[in-house]
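A quick write-up on the structure given underneath.
Atom set for the values below is all heavy atoms of this structure, side chains included, hydrogens, waters and symmetry mates excluded. All figures in this text were calculated on a predicted structure; none of them were measured in a lab.
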Amino acid sequence: MFKGTALLRRTLTFVLLLLLGSACLADAASAGTYAVLSCSGNDAPVFQSPIPTGFGLGVNDECATLGPLALVATSFPATNGSGEFLQAAAQWNAVTPSSALSIVFINADGSADCNLATDGWSASYFWGDNGTNYGTSPVSIDCHGGPEGNGEAGYVNQAIEPSRYFGFYANCNGACAAAGAANLVFGVRTVTLVVEEDTGPSLQPSEANDLYNQAGWVRGTFQAGSIATDPSGVCTMQTVANGVVVASYRDAAPDASNWAQCPDSPLSPPNIDTTGYHDGSGAISLAYSASNAAGVGAQLSRSINVDNAAVNVALSGPSEAPATAGTQYITATATAGLSGVQGISCSLDGGPAQWYAGSTERVPVSGLGNHTLTCRAENNSYNSSGQALWSAPATTFKMDIGDPTVSGISFSKIIHGLKCKRAKERVRVPARWVLARRHGKLVRVRRRAHSKVVRVVKCHPRIVKRTVTVLVKKKRHGRTVLVRHKKVEKVVLPPKIVGRASKRVAFGKAASISGFLGTSDGVALAGHTVEVLTTPDDGLGQWTPAAAVTTAANGVWTATLPPGPSRLVEAAYAGDSTTLASSSASIHLVVPARVKIHVSRRRTPWGGQILISGRVLGGYIPAGKLLRLRIGVAGVRGTVGIPSVRPNGRFSTTWTFAAGRGAVRYWFSVSTLNEADYPYAPASSRRVYVTVGPG
């Protein structure tokens, strides 16, 4: 008995080592095995014992001395009234719960009545599938020299054909006796079933909105979980995002007494923030895996396209446009990440938003007045709520459509001025949104487009009659000839500014200027403000307002410039809701410098010295050489020095006369040079005279 038990244990150890080795390799293989153990400190739930009623053969399903799986003869008499058991039979049977599970190896040992055969019993192991027995293994008994009581029996350790069921039975073929200890016929103490499973768990995402189920491009945070089921149980599960394990499960204590040794439970779904991969954009890998008790695995994997990049909209177009140019367009250009732009939504002047598919769209704008276009763009990347990403904040572009204007400026008068008169004109007012008070509150109200009559000043050019000579065709002596012919025709005299674009004004004097403002089609703009801008003629271009004037009924305006340096002068019109801005060409106001001079003495002997001093008025004294000193006598003159001038305009220098004879009258003068950064025209001081003679 002990020899057989030791052999059984060695064989069982070999089977389990083989089993564990195959399970370790199951991740890479297409099939694996696991062991189902009966009565290893627990009961044997995988076995069932169907016994026909009235057979009179009892069973014991406890892990008792006789074995957990025992077939025991009952003490009540058989149906013939004797102490024998007639044609009684019973069995223990284990059936795999799924066709995916097949028993491929068995290891069992037990106890039996030493007089099993002489008492009229037979016992055997059996296995098979679909009602067909593939094999049996008769029970042998080792009673160690004694026929009384129970002995070691039923040892089996072998590979079998893949079978769905395995069991053992005992039956009485005729009249049988119960001679074994405790009425034991045949019982199995320990059973190890090596079960092969060819398929891995059934694996799927845990919910419909799982990250794995997302088609197209995604953004933001998603749940990523899985559910697995398997006949042998799900013992491990794992979620891997871009090669990193983000969730896992492993059954630390599988139940080896059951077919399903691990529970079928979902893996709790973690939240995966897609902004943490590839700087928020790109493809990431997502994989779910699970393995059963046999170590056979299953996996779901796919690539997820991620785009968390911002969406932007840029608007371009003219900020101002003449009404005569027809319909204008503002171009909306959207940019997005890898998912691309789905479309652009634009609202013009607060109206309903219009949808434009694509990344670029030209939005038409027409009608006099100020127009505002607001646009947003949407990409093709969706979050867990099914919402794509919009650009934010919305981009706004303003365009002013008005009548073109013309501005003129001159130092002279305008001749051939337009003839103007007041008239009524019907104009079209576009739809717009305004603020109105309703029940004491300011609300936005949309005013519909309408027409109205306005008063305007209509001007037209002057027309004169003039006699002109033209060539006409006439018949002379049967031939066509050209003959000069005089006729009177009407000639249009457009307004024009007569005068020069440059005017010279004395130092310290004011200057009068005038100009004209009107539309390009001849309508004078009355009552509009024109700003006069000036900049010193020093090359720096620092324009400043000098005056603001209002146009008269015929569009003409006048202004007076205060005293100052040489200047460039322009007229600028800022425009309004129906007319465009315009500016005139520059005109040049030339102002000569003012230089004062003084000599210390009007008479001096030969060899004497005088002090020449003075001041340059007007300020704006540049650094460097600005002045020259000139001297003259008896019709001869020349430049004899370059006095230094201080920032306040004052200068001084000395002059020493050489030796001479007689009396000579010299004159001195100081002139400014033509410097680019000095805003006064060159000018000279008056001449001062010094008489040189004998002491």
Side-chain angles (χ1 to χ4, degrees), residues 405-418 459 461-462 493-518 524-526 528-574 581-597 615-622 626-628 649 669-686:
T405 61
V406 291
S407 296
I409 187 172
S410 173
F411 291 113
S412 303
K413 295 181 179 180
I414 297 177
I415 65 170
H416 305 318
L418 298 176
C459 300
R462 298 179 183 273
L493 299 178
K496 66 178 181 178
I497 300 174
V498 177
R500 296 170 297 175
S502 177
K503 183 178 182 179
R504 191 178 183 90
V505 178
F507 182 90
K509 299 295 183 182
S512 178
I513 58 175
S514 60
F516 170 78
L517 178 66
L525 296 178
H528 287 65
T529 300
V530 175
E531 191 172 39
V532 179
L533 304 174
T534 63
T535 179
D537 189 15
D538 56 3
L540 298 180
Q542 298 174 341
W543 294 89
T544 57
V549 294
T550 303
T551 58
N554 59 358
V556 175
W557 57 268
T558 59
T560 299
L561 296 178
S566 297
R567 282 159 282 178
L568 298 177
V569 187
E570 286 186 5
Y573 170 60
S582 62
S583 61
S584 69
S586 298
I587 59 175
H588 193 191
L589 179 64
V590 181
V591 179
R594 172 69 63 85
V595 183
K596 291 186 175 182
I597 188 173
R615 185 177 184 182
V616 180
L617 303 180
Y620 299 98
I621 304 300
L626 176 65
L627 303 179
R628 64 177 179 176
S669 175
V670 174
S671 302
T672 60
L673 300 175
N674 188 12
E675 295 290 339
D677 57 350
Y678 184 55
Y680 285 95
S684 300
S685 70
R686 64 183 178 87

### Task
Side-chain contact test, heavy atoms from C-beta onward, threshold under 4.5 Å: evaluate it for L540 versus T535 and give yes or no.
no
### Query
Which pair of non-hydrogen atoms, one from A683 and one from V595, has the smallest distance, and what is that distance?
O-CG2, 4.4 Å
### Message
Within the 4.5 Å heavy-atom criterion, are T534 and T544 side-chain neighbours or not?
### Response
yes
All N/O donor-acceptor pairs, side-chain side in residues 585-594, below 3.5 Å, sequence neighbours left out:
unit_1	atom_1	unit_2	atom_2	d
S586	OG	E570	OE2	2.6
H588	NE2	D537	OD2	2.8

### Task
Can you see which heavy atom on S566 is nearest to which on A681, and at what distance?
OG-N, 3.7 Å
### Task
Enter the distance from L627:CG to I621:CD1 here, rounded to the nearest 0.5 Å.
7.5 Å
### Task
Output yes when a side-chain donor or acceptor of S685 lies under 3.5 Å from a complementary backbone atom of S669, and no otherwise.
no
### Message
Using side-chain heavy atoms (C-beta onward) and a distance below 4.5 Å, is I513 in contact with W557?
### Response
yes
### Query
In terms of the angle between their ring planes, are F507 and Y680 parallel, tilted or perpendicular, with boundaries placed at 30° and 60°?
tilted
### Task
Give the minimum heavy-atom separation between A581 and A574, together with the two atoms involved.
CB-O, 3.5 Å
### Query
Is a side-chain donor or acceptor of T551 paired with a backbone partner of H528 at a separation under 3.5 angstrom?
yes
### Message
Quick check: do F516 and N554 have side-chain heavy atoms less than 4.5 Å from each other?
### Response
no
### Heavy-atom pair with the smallest gap, counting every atom of A526 and A553
CB-CA, 3.6 Å
### Message
Once rounded to the nearest 0.5 Å, what's the spacing between atom OH of Y573 and atom CG of L525?
### Response
5.5 Å
### Message
On a heavy-atom basis, which atom in L533 and which in P545 lie closest, and how many Å separate them?
### Response
CD2-CA, 3.7 Å
### Message
Quick check: closest heavy atoms across V616 and Y678, and the distance to 0.1 Å?
### Response
CG1-OH, 3.2 Å
